[in-house]
Amino acid sequence: MTVEEALRILGEKGYKPTGKREALLRLLAREDRYLTAKEALRLMHRDYPDLSFDTIYRNLALFHELGIVHMTEFDGERRYRFRCPIEGHHHHLICLSCGTTQEILACPLDAMWDQPDGFIIVGHKFEVYGYCRSCAEAMAH
């Protein structure tokens with residue numbers, strides 16, 4: 001997902017691509033990691049000192065609803081990042097410290113069982129939380 005693609009989606013769905021929305025999308029593209037609404041607000045505060053938490057949160061929720069961003073929840077907070085560039089079924093390793101992600105191309109569910117008897121699976125999410133090499137090394141020192 002690029003900022004331009006996201007702006008196109010907003011326009012197609014009837015949402016005005018405001019300067020703040022574009023700035024939030026550019027932030028997500030630049031950071032390329034999971035961000036909380038609080039982090040996004042802090043990072044945008046210099047350019048938009050009157051920006052509210054509610055505005056950030058509502059726009060992140062809108063971006064998620066439109067499929068522009070992926071949302072996950074850990075440590076009691078929702079976190080958002082641009083939709084993963086890898087198409088197709090895959091999962092993620094997520095660093096609890098910096099929010100970076102690494103794709104897991106194999107599906108652990110495939111190793112667990114075939115289609116369960118009497119149940120049709122239509123979706124699932126598998127995320128592994130831990131620390132990337134850089135954060136783990138920084139914590140060790």
Indicate the atoms forming the closest heavy-atom contact of [X] with [Y], along with that distance.
X: Val69; Y: Leu60; answer: CG2-O, 3.9 Å
X: Cys98; Y: Cys95; answer: N-SG, 3.5 Å
X: Met44; Y: Lys20; answer: CE-O, 3.7 Å
X: Tyr48; Y: Gly19; answer: OH-O, 3.4 Å
X: Phe82; Y: Ala6; answer: CE2-CB, 4.1 Å
X: Lys16; Y: Arg21; answer: O-NH1, 2.7 Å

Under the ring-ring contact (aromatic ring centres under 6.0 Å, His included) rule, collect the residues that match up with Tyr34, sequence neighbours excluded.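 Listed in chain order: His70.
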
Does any pair with a residue in residues 12-31 pass ring pair (Phe, Tyr, Trp, His ring centres under 6.0 Å), and if so which ones, sequence neighbours excluded?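 Applying ring pair (Phe, Tyr, Trp, His ring centres under 6.0 Å) to every pair that reaches into residues 12-31, excluding sequence neighbours, yields nothing.
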
Quick one: are Leu7 and Glu22 in side-chain contact, heavy atoms under 4.5 Å?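 A side-chain contact exists here, since the closest heavy-atom pair is under 4.5 Å.
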
Quick check: do Leu10 and Leu25 have side-chain heavy atoms less than 4.5 Å from each other?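 Side-chain contact under 4.5 Å: yes.
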
Using the salt bridge (Lys or Arg N to Asp or Glu O under 4.0 Å) criterion, which residues pair with [X]? Sequence neighbours excluded.
X: Glu137; value: none
X: Arg33; value: Glu31, Glu39
X: Lys38; value: Glu77
X: Arg8; value: Glu12

Trace of the side chain to side chain donor-acceptor pair (under 3.5 Å) decision for Tyr131 with Thr100: CA-CA 9 Å; Tyr131 298 97; Thr100 59; over 6 Å; no

For the residue pair Tyr57 / Thr36, report whether a side-chain donor-acceptor contact shorter than 3.5 Å exists.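 No, because no side-chain N or O of Thr36 sits under 3.5 Å from a partner of the opposite role on Tyr57.
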
Taking Ser52 as the fixed residue, which of Thr55, Asp50, Asp54 is the one that meets the side chain to side chain donor-acceptor pair (under 3.5 Å) rule? Thr55

